[in-house]
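Input: a single structure, listed below in structure tokens.
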Amino acid sequence: MKITLLALVNALALPTLTIAQVGINTSNPQAAFHVDAAKDNPTTGSPSVLQQANDFVVTGTGNIGIGTTVPTDKLDVSSGNVRIRNINSNIGVGGNDRVVVADANGVLKTINFTDYSLFHARLTASQSLTTLSITTLLFSTPLATSPFYSYNTSTGILTFNQPGNYLITLQASFSNAAAGTQLLLGVRPVPDANYLGRGSHYNATATSGTVGELMNYTIMLVIPTAGYQIRFTAAPNQNCTVLATETGSTGSGNVTNVTIQKI
């Protein structure tokens, strides 16, 4: 009978040993492997956030926590910096390699930086311009954009969703313009005020038809706050047309567009 009881006790104890948690400097491990570096954790219950700050754990699912006993990712660092002392000298390949960023929760992700920061849109249709009047250029749905920008195709208003420095390049083609027409492209704030940037072009001879006077300019804007709004404008000293597409004997293509790059 004694032998039978001893065998039963050993059988019941074996699962306990198999699933036991290992604690170093703590008798109250919170994970499969738990190191309490400062020996400041309580003997029962969960350690506080401050007490966890010096802890290292490995969970049963293979998650590693540094400064936290409940890691939610394969490597979860509660606070502090990550450093590589002897980082390799490999050079990234543009167009193939990706940029590592952290989201609002600190989770590392990769992005294609060029695509992420770029805005590009083309004029929806040719627009008639009236003498000495400032016309908002209406671009179609952007071909490239990111969370940095919001564009209203009905009003022509672009909203910056993040402050920073932005390079803006405007290009346009004007036609049906009499000789001596001065054409002006501009960037204006919303609500309306003085130009943030402007470039002008003068045509000595009259232009007509589907090929016009091509002009472009680039400016850098310092956007102070998220939610800042601008519009792109065209203004002539004589009536003319800003073309969305030029059509000639060698083919057709877009000519009026805007490109923005956060730098």
Side-chain angles (χ1 to χ4, degrees), residues 117-145 148-160 164-224 227-263:
S117 63
L118 187 69
F119 175 94
H120 178 79
R122 297 174 177 177
L123 198 67
T124 302
S126 296
Q127 292 182 229
S128 297
L129 306 179
T130 304
T131 301
L132 299 180
S133 106
I134 299 173
T135 301
T136 298
L137 297 176
L138 299 178
F139 294 95
S140 57
T141 300
L143 299 178
T145 190
F148 290 156
Y149 319 94
S150 300
Y151 184 72
N152 188 315
T153 56
S154 299
T155 63
I157 293 176
L158 182 136
T159 302
F160 292 94
N165 300 330
Y166 295 82
L167 279 179
I168 298 178
T169 298
L170 267 173
Q171 175 178 284
S173 176
F174 295 84
S175 186
N176 303 320
T181 300
Q182 186 176 24
L183 316 165
L184 187 146
L185 290 180
V187 180
R188 298 178 71 91
V190 178
D192 202 37
N194 289 334
Y195 285 101
L196 300 171
R198 50 179 279 171
S200 60
H201 179 80
Y202 174 86
N203 66 309
T205 59
T207 63
S208 62
T210 57
V211 177
E213 292 274 342
L214 188 66
M215 64 169 293
N216 63 74
Y217 82 99
T218 299
I219 186 172
M220 188 187 83
L221 294 186
V222 179
I223 302 303
Y228 192 85
Q229 295 182 321
I230 63 172
R231 64 189 178 108
F232 306 105
T233 62
N237 64 349
Q238 301 185 68
N239 290 353
C240 62
T241 302
V242 59
L243 299 173
T245 299
E246 285 187 340
T247 303
S249 58
T250 57
S252 303
N254 171 260
V255 284
T256 300
N257 54 70
V258 59
T259 300
I260 308 174
Q261 177 78 51
K262 189 175 189 298
I263 57 174

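Note that the structure is a prediction, hence the values are computed from the model and not measured.
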With a 4.5 Å heavy-atom cut-off, do Leu167 and Met220 have their side chains touching? yes
By side-chain hydrogen bond (donor to acceptor under 3.5 Å, both in side chains), Gln182 pairs with (sequence neighbours left out) none
Only residue of Thr159, Asn152, Thr155 satisfying side chain to side chain donor-acceptor pair (under 3.5 Å) with Gln229 is Thr159
Main-chain N/O of Ser140 paired to Thr153 side chain as donor or acceptor, under 3.5 Å: no
One should read off an interatomic distance between His120 NE2 and Thr259 OG1, to the nearest 0.5 angstrom, of 4.5 Å
Test log, rule side chain to side chain contact (heavy atoms under 4.5 Å, CB included), inputs Tyr149 and Lys262: CA-CA 10 Å; Tyr149 319 94; Lys262 189 175 189 298; 4.0 Å; yes
Classify the angle between the aromatic ring planes of Phe148 and Tyr166 as parallel (below 30°), tilted (30 to 60°) or perpendicular (above 60°). perpendicular
Apply side chain to side chain contact (heavy atoms under 4.5 Å, CB included) to residues Phe119 and Leu158 and explain how you reach the verdict. CA-CA 10 Å; Phe119 175 94; Leu158 182 136; 3.6 Å; yes
Would a 4.5 Å heavy-atom cut-off, applied to side chains only, mark Ile219 and Leu196 as touching? no
Looking at CD1 of Ile223 and CD1 of Ile260, how far apart are the two atoms once the value is rounded to the nearest 0.5 Å? 8.5 Å
Looking only at non-hydrogen atoms, find the nearest pair between Asn254 and Leu123 and report the distance. ND2-N, 4.2 Å
Quick one: list whatever passes side-chain hydrogen bond (donor to acceptor under 3.5 Å, both in side chains) with Thr207, sequence neighbours left out. none
Kindly write out the residues that satisfy side chain to side chain contact (heavy atoms under 4.5 Å, CB included) with Ser249, not counting sequence neighbours, or none if the list is empty. none
Might you point out which heavy atoms bring Ala244 and Ala125 nearest each other, and give the distance in Å? CB-C, 3.6 Å
Thr124 side chain vs Leu138 backbone, donor-acceptor pair below 3.5 Å: yes
Apply side chain to side chain contact (heavy atoms under 4.5 Å, CB included) to the pair Gln261 and Ile263, showing each step before the final yes or no. CA-CA 6 Å; Gln261 177 78 51; Ile263 57 174; 4.2 Å; yes
Value rounded to 0.5 Å, distance of OG1 in Thr141 from CZ in Arg122: 13.0 Å
How long is the gap from CG on Leu132 to CG on Leu184, to the nearest 0.5 Å? 11.0 Å
Mind checking whether Thr181 and Asn237 have side chains closer than 4.5 Å, heavy atoms only? yes
Heavy-atom closest pair, residues Gly209 and Ser175: O-OG, 2.8 Å
Verdict with reasoning, Val242 to Leu183, per side chain to side chain contact (heavy atoms under 4.5 Å, CB included): CA-CA 10 Å; Val242 59; Leu183 316 165; over 6 Å; no
Looking only at atom types and distance, does a side-chain atom of Gln238 sit under 3.5 Å from a main-chain N or O of Ala177, one as donor and one as acceptor? no
If only atom types and distance count, is the side chain of Ser173 paired as donor or acceptor with the main-chain N or O of Leu214 below 3.5 Å? no
So, for Ala234 and Leu129, which heavy atoms are closest and what is the spacing to 0.1 Å? CB-CD1, 3.8 Å
Those residues at least two apart in sequence (or on a different chain) that pass side-chain hydrogen bond (donor to acceptor under 3.5 Å, both in side chains) with Thr250 are none
How many angstroms lie between atom CG of Asn176 and atom OG1 of Thr241, to the nearest 0.5 angstrom? 4.0 Å
According to the side chain to side chain donor-acceptor pair (under 3.5 Å) rule, which pairs have a member within residues 191-202, sequence neighbours left out? Arg188-Asp192, Asp192-Arg231, His201-Glu213
When you measure from the side chain of Glu246 to the backbone N and O of Gly253, does any donor-acceptor pair fall under 3.5 Å? no
Give the ring-plane orientation class for Phe232 versus Phe139, where under 30° counts as parallel, over 60° as perpendicular and anything between as tilted. perpendicular
My understanding is that only residues two or more places apart in sequence, or in another chain, count here; which of them pass side-chain hydrogen bond (donor to acceptor under 3.5 Å, both in side chains) with Thr130? none
One should read off an interatomic distance between Ile157 CD1 and Thr136 OG1, to the nearest 0.5 angstrom, of 7.5 Å
